[in-house]
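Below, read A as the first sequence line, B as the second, and so on, with proteins coming before strands; counting in each chain starts at 1. Worth knowing before you read on, the calculation uses all heavy atoms, side chains too, and leaves out hydrogens, waters and symmetry mates.
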There are 2 protein chains.
Amino acid sequence: MANIKEIARIAGVSVTTVSRVLNNHPYVSPQKRAAVLATIEQLNYTRNMNAVHLITGRTGAIGVVIPNINYYYFSAILEGLAREALPAKYRLILCQTSYRPEEELQVLDMLRNKEIDGVVIVSTALKPETIEAYTAYGPVVTCQDSGERRFSSVYLEHYAAFWHGLQYLRNKGYRKIGYFEGRQHGSSSGLRQKAFGDFHRESGIPLHPEWIMFDCATEEDGAAALDRLWQMEERPDALIIAGDHVAAGLMIAARSYKIRIPEDLAIIGFDNQPIGRLLGLTTIDNQLFEMGAAAFRIIHDQINEDAPSPVYRKLDYRLIERTTV
Amino acid sequence: MANIKEIARIAGVSVTTVSRVLNNHPYVSPQKRAAVLATIEQLNYTRNMNAVHLITGRTGAIGVVIPNINYYYFSAILEGLAREALPAKYRLILCQTSYRPEEELQVLDMLRNKEIDGVVIVSTALKPETIEAYTAYGPVVTCQDSGERRFSSVYLEHYAAFWHGLQYLRNKGYRKIGYFEGRQHGSSSGLRQKAFGDFHRESGIPLHPEWIMFDCATEEDGAAALDRLWQMEERPDALIIAGDHVAAGLMIAARSYKIRIPEDLAIIGFDNQPIGRLLGLTTIDNQLFEMGAAAFRIIHDQINEDAPSPVYRKLDYRLIERTTV
DNA sequence: TTGTAAGCGTTATCAA
DNA sequence: TTGATAACGCTTACAA
């Protein structure tokens, strides 16, 4: 493949001039510019971007740490990210980590290696301290609340949002509340668990630990959790479920038990997913698209600063009343 | 940041020796190796990968052209791709294109620019001729049948699979068949449409064009298409639906019409998605994970050849009988 | 087993 | 407005 030197030679100019044409710099006469462009065309030339990255110290790429692209929660954030990043001419390097720390560190190491200009951590198993150590190499944004750390974050107040949902159930008269959750140990999940505990304590409603089901990640997990619940002697009359798709699985399974919703069992979901809309699921919207979009905007701003201070951006939640409560 | 020269200077060796240590080459004495490693540790050094990419002409990255990560069909292929690529130490550069040719060309241009070592095209709006032009710059694999082109492909026989599904419906006694499809103009979708037409012609079953619903991409589209269908005077007694999630949306909506499945309406889906499993949806499995995995394996093999011949890998489909037919 | 030096293909600097 | 030439940070002949 031709390189810039060859273009220069054939066009009868210096490599500097070719470079200027390539980068739309001023101070190139129309004649030379035309000659260069013609030669580029003729030789079907394009730059070797690795050389550009080397000398400029920039790559125009953002690394994305994401546990699983298959789940709505993550893919919606990613979608928001992509919608902002691609028009801004940034590429996204995706790393699906399944919460494996080695994989997550690999992306952070890419920042160190200069392969990427910044990192967006959608969800992680890493400790905040570990992430902080990498901020020396470039901007890092997480999509979860990590407190006032030395890196930026865009986050939803999971504690308040969950509390709001529980309060809503209580106001509607429900006193026996079950809870389906994804990961047991996770930043956002931990906040929701705390809200669940604190709410019961403060409102004096007795908490049934056996009605808390962890590891509900898929529709089928939701269905299976209902099976377990319905084998119990005492059952809840309402459920709060992290993830509308899990709630959807449960609702579908509920039919075979002839459970009427909300008469026998009220349900409130989380994420405002399309499947929940279809099922009339009452849910809490948490602005997933905006989360991704905001994360990119922060990274983008910070890439051009030399010692950026971390930004903490809180997103609002919103209860969407439909027909399951 | 420190560079290889500085490491060499401080460790008291040449840059070559440092490079050898970095790349685990033989012929380095234990003493020097130790000294180099100690210095690397001490200065918290890592390579600038852009320089490595420049000199080696490799980047260890694969570009992925994917219309939308949010849809199961695509994300499942991506998942399969990631499962093979990441352990092989390849990174995936994801470009969500929404079938915009400019975006798709951008990925192919990255191949030209040496930013990536190969391209996997999950689904595309580009003409095969356009793609062929880029094979000069590196290996390209598509996940759809493009005929015997100058690039590789992993594909499902959509025509045969769809025919199989239609035949199955016919054998079960259904003669009034409707059809929900995603994109009207698409490579795989075109094959399915042709199968639908040919099947009716050959079997003498009258085809009702009004029962063909295009642009069914989401659960809600499936529900809406049922609405339209149920306003008609004459209705089908069976449906073949490209995409289990669309079928799922329809099944959920069917409840409010009190439609019994399969007594009033039989349904056969496509993709074997989890939501379909939950609903007992009869479907056609098309090995999406394997499709992604195979695509990577082909790319991976071809990266090391200098003039690789295209590989055409056909995947098997399988009808999964459940309860909706 | 080690080191010198020549690339890789760009952009940046500085002088003309 | 132009062009030599020096970076950028690494790998790899080739020589020792």
Exercise for the section: May I ask you to evaluate whether A/S19 reaches the phosphate of C/dT11, defined as a side-chain N or O under 4.0 Å from OP1 or OP2? Expected result: yes
Practice task
Please determine if a side-chain N or O atom of B/S14 lies less than 4.0 Å away from the OP1 or OP2 oxygen of C/dT2.
Solution key: no
Completion exercise
Residues in residues 20-43 of chain A with a heavy atom under 4.0 Å of DNA chain D, by number, are A/R20, A/Y27, A/V28, A/S29, A/K32
Just jot down the salt bridge (charged side-chain N to carboxylate O under 4.0 Å, His left out) partners of [X], sequence neighbours excluded, or say none.
{"X": "B/R100", "result": "B/E103"}
{"X": "B/R297", "result": "B/E84, B/E290"}
{"X": "B/E157", "result": "B/K314"}
{"X": "B/E129", "result": "B/R149"}

Whole-Å gap separating [atom2] ([N]) and [atom1] ([X]):
{"X": "B/I4", "N": "C/dG3", "atom1": "CD1", "atom2": "C1'", "value": "13 Å"}
{"X": "A/N3", "N": "C/dG9", "atom1": "CG", "atom2": "P", "value": "5 Å"}
{"X": "B/K5", "N": "C/dA5", "atom1": "NZ", "atom2": "P", "value": "12 Å"}

Going by atom type alone, with no hydrogens or angles, which donor-acceptor pairs under 3.5 Å involve a side-chain atom of residues 5-15 of chain B and a protein atom two or more places apart or on another chain?
from: B/S14; atom 1: OG; to: B/T16; atom 2: N; distance (Å): 3.4
from: B/S14; atom 1: OG; to: B/T17; atom 2: N; distance (Å): 3.3
from: B/S14; atom 1: OG; to: B/T17; atom 2: OG1; distance (Å): 3.3

Practice task
Mind jotting down which residue pairs meet the side chain to side chain donor-acceptor pair (under 3.5 Å) criterion with at least one end in residues 86-95 of chain A? Sequence neighbours excluded, please.
Solution key: A/R91-B/E115
Practice task
Report the end-to-end axis angle of the helix from C/dT1-D/dA16 to C/dA16-D/dT1; each axis comes from five terminal pairs, and the value is rounded to 10°.
Solution key: 30°
Exercise for the section: Give the first and the last nucleotide of DNA chain D, reading 5' to 3', that has any atom under 4.0 Å from a heavy atom of chain B. Expected result: D/dG9 to D/dA13
Exercise for the section: Sequence neighbours left out, what passes side-chain contact (heavy atoms from CB on, under 4.5 Å) with B/D316? Give chain and number order. Expected result: B/Q287
Completion exercise
Of C/dG9, C/dT11, C/dG3, the nucleotide closest to the side chain of A/R47 is C/dT11
Practice task
Under 4.0 Å between any heavy atoms, over every strand shown, what does B/T17 touch: base, sugar-phosphate, or nothing? Just pick one.
Solution key: sugar-phosphate
Handout entry: Contact list for residues 26-75 of chain B, test ring-ring contact (aromatic ring centres under 6.0 Å, His included), sequence neighbours left out
Key = none
Practice task
Can you check whether any acceptor in the base of C/dT10 is under 3.5 Å from a donor in the side chain of A/T56, or vice versa?
Solution key: no
Pairs under 3.5 angstrom only: tabulate donor-acceptor contacts from the side chains of residues 117-128 of chain A to other protein residues two or more places apart or in another chain.
from: A/D117; atom 1: OD1; to: A/T59; atom 2: N; distance (Å): 3.0
from: A/D117; atom 1: OD1; to: A/T59; atom 2: OG1; distance (Å): 3.2
from: A/D117; atom 1: OD2; to: A/T59; atom 2: N; distance (Å): 3.3
from: A/D117; atom 1: OD2; to: A/G60; atom 2: N; distance (Å): 2.8
from: A/S123; atom 1: OG; to: A/Y99; atom 2: OH; distance (Å): 2.7
from: A/T124; atom 1: OG1; to: A/E104; atom 2: OE1; distance (Å): 2.4
from: A/T124; atom 1: OG1; to: A/L126; atom 2: N; distance (Å): 2.8

Fill in the blank from the handout: Between the CD atom in B/Q144 and the CG atom in B/L191, the distance rounded to the nearest 0.5 Å is 9.5 Å
